[in-house]
Number of protein chains: 2
Amino acid sequence: MGGMATAERKAQPARVDATRNRERIIAAAREAFVEHGPSVPLDAIAHRAGVGNATLYRHFADRHELIHVVASYSLARITEQAESALAEETDAFEALRRFVHRAADERVGALCSLLYEGFDKNDPNVVDARLGLESAVERLMDNARRSGQLRPDVGLGDLMVAITQLTRPPAGTGCALIERFMHRHLQLFLDGLRAPARSELSGTAVTFEDFETS
Amino acid sequence: MGGMATAERKAQPARVDATRNRERIIAAAREAFVEHGPSVPLDAIAHRAGVGNATLYRHFADRHELIHVVASYSLARITEQAESALAEETDAFEALRRFVHRAADERVGALCSLLYEGFDKNDPNVVDARLGLESAVERLMDNARRSGQLRPDVGLGDLMVAITQLTRPPAGTGCALIERFMHRHLQLFLDGLRAPARSELSGTAVTFEDFETS
DNA sequence: GGAAAACGGGGAGAACATCTCCGTTTCGGA
DNA sequence: TCCGAAACGGAGATGTTCTCCCCGTTTTCC
């Protein structure tokens, strides 16, 4: 559906105010989802974007579609972050560290809650994007592991879940507070990831599939 | 209000099925809040407790009161955990470690979301309980810091927020998954807390007030 | 064995979110 | 500058969900 909408949009060069409003709505939706979760009233999103609710419905058929677009955007941007960290950093652990903090800035944690609410995990585009992210982060971790800087008993899932958890807006508050703590806590967590391990971990390394197949 | 209810309850020795149902409702509410957040339908809680919704309303005037009771219970239990760790463990960092994992088992993270939804922070009982917890955890951290096992650049709030974040049910899933990761992640975080510090942290140590006064 | 208390299910009432209608405004080309 | 087409915004109909109460039935305890 996203593809179709884009195609239509290109066929008819669309008015500038229409495309601007579309962007505004997506941005507002991202913020609103981050702050109030995936079931924030669509009217609130429209209001935050400074448009009428009818405009929102004109651009997106329903909440489902809006979530899909917002989530896809974010997924793509985080993957970019992982790949640029891979390409540009020379030190393996520094690359990992950079990715973690950048991903946090994208508010992965908050947006992850979109995944459950009618988000089509089997959409080919989404699957591709997810595999791309998986592979990039796996490479980041492999590099760090091989260079002896990352403890060997942690997996991809350990890192991803921890990032999402630590970057979520705390409890019922807005997102203002977490900004102050997020990077401190991620840094502490990263320090715990460094080799040599300072303790033994319970359970086994968590892979991506572990929480995809839930 | 909680005090009054208890007083009434003692004045009239109450039937055993009534008190049993009350306990059941509290337990069910705790689980439901953990899994679905503070606005889970009260009917769902009643159903989970195996009672009719009328029974729930007979015991608790409204959602507000139920939340209050559940939160107070949990706060008290976590404080107990902190104090028993202080009293029983000889190694300072081990005491801290034990407290962190026990607090996680109490599902602090999930229940923290109750705090915002009409929870009376100024109720004298609550204030006392909170101060008790604060003081106990502060002592745990002081001991560990003095023994040279805890890095000096972290504060009470850093620890408390990280615990709540890492022990929350991830995104929109039930609570089943997190059980597997929680303790691993807490352990990794604790490893990051150990002295000597492996990196420099941004910002300043977070105190309790920092996020109480939001 | 009986009165008092507690229980459960069903349903009225209110609140909220979604999505549409239609008169008005804005854009972009001639 | 002017006009047609497209987009806009607000208000409201519709449907759903949660809250809370009523009342007939069951359970407890003296």
Side-chain angles (χ1 to χ4, degrees), chain A residues 1 5-29 32-33 35-70 113-114 116-119 172, chain B residues 1 5-29 32-33 35-70 113-114 117-118 172:
Chain A
M1 63 188 87
T6 307
E8 282 173 24
R9 202 145 289 285
K10 276 181 182 162
Q12 288 187 5
R15 282 165 43 165
V16 294
D17 57 342
T19 59
R20 189 190 58 222
N21 277 338
R22 189 186 158 90
E23 298 300 322
R24 277 192 191 168
I25 290 171
I26 292 175
F33 286 142
E35 284 181 30
H36 302 105
S39 48
V40 60
L42 295 187
D43 280 19
I45 294 177
H47 179 77
R48 183 193 285 256
V51 303
N53 55 6
T55 301
L56 191 154
Y57 282 99
R58 204 169 293 115
H59 286 286
F60 305 94
D62 53 13
R63 163 184 248 93
H64 189 90
E65 185 176 333
L66 181 56
I67 287 181
H68 187 86
V69 170
V70 170
S113 58
L114 302 181
Y116 85 108
E117 185 140 329
F119 180 78
Chain B
M1 65 186 84
T6 309
E8 281 173 23
R9 203 144 287 286
K10 277 182 182 163
Q12 287 188 6
R15 282 166 43 166
V16 294
D17 57 341
T19 59
R20 189 191 56 222
N21 278 337
R22 190 186 157 91
E23 299 300 323
R24 276 191 191 169
I25 291 170
I26 293 176
F33 286 142
E35 285 181 30
H36 303 104
S39 48
V40 59
L42 294 188
D43 279 18
I45 294 177
H47 180 77
R48 184 193 282 256
V51 303
N53 55 6
T55 301
L56 191 153
Y57 283 99
R58 205 170 294 117
H59 286 285
F60 305 94
D62 52 14
R63 164 181 248 97
H64 188 91
E65 186 176 330
L66 181 56
I67 287 181
H68 188 88
V69 170
V70 171
S113 58
L114 302 181
E117 185 141 328

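Numbered from 1 within each chain, the chains take letters A, B, ... in sequence-line order.
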Spell out protein contact along nucleotides 24-30 of chain D as letters: B when the base is contacted, S when just the sugar-phosphate is, - when no protein heavy atom is under 4.0 Å; keep the 5' to 3' order. ---BSS-

At under 4.0 Å between heavy atoms, how does the protein contact nucleotides 15-21 of chain D? Give one character per nucleotide, 5' to 3', with B, S or -. ---SBBB

Minimum heavy-atom separation for A:R48 and A:E35, please, with both atom names.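 Closest approach of A:R48 to A:E35, heavy atoms only: NH2-OE1, 3.3 Å.
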
What's the separation between atom [atom1] in [X] and atom [atom2] in [Y], rounded to the nearest 0.5 Å?
{"X": "B:N53", "Y": "B:I45", "atom1": "CG", "atom2": "CD1", "value": "11.5 Å"}
{"X": "B:R22", "Y": "B:L56", "atom1": "CZ", "atom2": "CG", "value": "10.5 Å"}
{"X": "A:H59", "Y": "A:N21", "atom1": "NE2", "atom2": "CG", "value": "5.5 Å"}

B:R24: salt bridge (Lys or Arg N to Asp or Glu O under 4.0 Å) partners, not counting sequence neighbours: none

Rounded off to whole Å, could you give me the [atom1]-to-[atom2] distance for the [X] and [N] pair?
{"X": "A:N21", "N": "C:dT26", "atom1": "CG", "atom2": "C1'", "answer": "11 Å"}
{"X": "A:R22", "N": "D:dC8", "atom1": "CZ", "atom2": "C1'", "answer": "17 Å"}
{"X": "B:R24", "N": "C:dG8", "atom1": "CZ", "atom2": "C1'", "answer": "14 Å"}
{"X": "A:I45", "N": "C:dA17", "atom1": "CD1", "atom2": "P", "answer": "11 Å"}
{"X": "A:L56", "N": "C:dC19", "atom1": "CG", "atom2": "C1'", "answer": "11 Å"}

Phosphate contact (C:dG8 OP1 or OP2) by B:H47 side-chain N/O below 4.0 Å: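 No, because none of the side-chain N or O atoms of B:H47 sits under 4.0 Å from OP1 or OP2 of C:dG8.
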
Taking only N and O in the side chain of B:T55, is any of them less than 4.0 Å away from OP1 or OP2 of C:dA6? no

Donor-acceptor pair, distance only, cut-off 3.5 Å: does the side chain of A:D43 make one with the backbone of A:A46?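 No.
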
Within the 4.5 Å heavy-atom criterion, are B:E23 and B:T19 side-chain neighbours or not?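 Sidechains of B:T19 and B:E23: no contact.
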
